[in-house]
Amino acid sequence: MTVRIQTADFDAGREIATLRKGDARVGAVAAFIGTVRDVNDAAHVSMLTLEHYPGMTEKALEAIVAEATSRFDILDALVIHRVGTLAPSDQIVLVAVTSGHRGEAFDACRFLMDYLKTRAPFWKKETTPEGARWVDARASDDEAAARWETPAAPR
Amino acid sequence: MPDSRSSADVTVNLVYLARLREAFGRPGEALTLPGGDASVAAVIALLCARGDPFAAELAAGRAVRIAVNHALVGADSVVRDGDEVALLPPVTGG
């Protein structure tokens, strides 16, 4: 299980190859990449600055990965989240999960992203033609995370 | 309590993040809670008593979350001398 916070970009192919290397039990790899959109709430976004809370961020991500490991039958998981200044189309986050079978890999990957969105201390600030603004949290993100609280939640 | 300065006094290190850091115009500060009620709620109440921008940003319903020593806690959570108490706006990573 690996958690990294970095300013540098990542190579998803290389990261996934490393994640599953040497483990022939792996029959499924699910991965998610989040990227910077150039439009948010009807405004053009020219730049995105990502801030985090050093010290807590690592612990929060490790706790989320530990929770995924206890809930799903997965073999390994990787979370990379970038911080600093990003441009439209840049990669922000990579979540990758290995498992014996696809169902657990898909579910664990989605769970990791849903929990990361609502529990990991990252904040986005957008630069738009009207100036810089902090991105508002979305109720839909809370709802996505809350679905995992219900036993036998519909996926 | 042999000391005249109450040994029940608790000083915490506040950390303001993202929007709150900008609204308060500082990344954090030390805050001493008078002896007795050393809780997260007491920290918030003391800050709100300063008036705006603290009162406006920390008003009930503003969804600010609190982390003590890097772990999210509830308002009734106890704080101890030297704790790092961070005020977090709703997170927007991913």
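In what follows, every chain begins at residue 1, and chains take the letters A, B, ... in the order their sequences are listed. Quick note: numbers below take in every heavy atom, side chains included, and nothing from hydrogens, waters or symmetry partners.
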Are [X] and [Y] connected in the hydrophobic side-chain network, where two residues link if heavy atoms are under 4.5 Å apart?
{"X": "A:L112", "Y": "B:V91", "answer": "no"}
{"X": "A:V83", "Y": "A:L86", "answer": "yes"}
{"X": "A:F72", "Y": "A:L116", "answer": "yes"}

Out of [options], return the one with the most heavy atom pairs under 4.5 angstrom to chain B.
{"options": "A:G34, A:A120, A:A60, A:A63", "value": "A:A120"}
{"options": "A:R82, A:K125, A:M113", "value": "A:K125"}
{"options": "A:K59, A:E51, A:H81", "value": "A:E51"}

Against chain B, label A:D142 side chain, backbone, both or neither, depending on which of its atoms sit under 4.5 Å from a heavy atom there. neither
Do other residues, nucleotides or ligands put more than 12 heavy atoms under 6.0 Å from [X] [atom1]?
{"X": "A:R133", "atom1": "CZ", "result": "yes"}
{"X": "A:R102", "atom1": "CZ", "result": "no"}
{"X": "B:R80", "atom1": "CZ", "result": "no"}
{"X": "A:F106", "atom1": "CZ", "result": "no"}

Considering all heavy atoms, the nearest A:M56-B:H70 contact: CG-O, 3.3 Å
Locate the shortest heavy-atom distance separating A:V93 from B:G94; write the atom from each residue and the value. CG1-C, 3.7 Å
Counting heavy-atom pairs under 4.5 Å with chain A, which one of B:E84, B:R65, B:R19 comes out on top? B:R19
Ignoring hydrogens and geometry, is there a side-chain-to-backbone donor-acceptor pair from A:K117 to B:T92 under 3.5 Å? no
Sub-3.5 Å donor-acceptor pair from the side chain of A:W123 to the main-chain atoms of B:L17, do we have one? no
At a heavy-atom separation under 4.5 Å, does B:A18 approach chain A through its side chain, its backbone, both, or neither? both
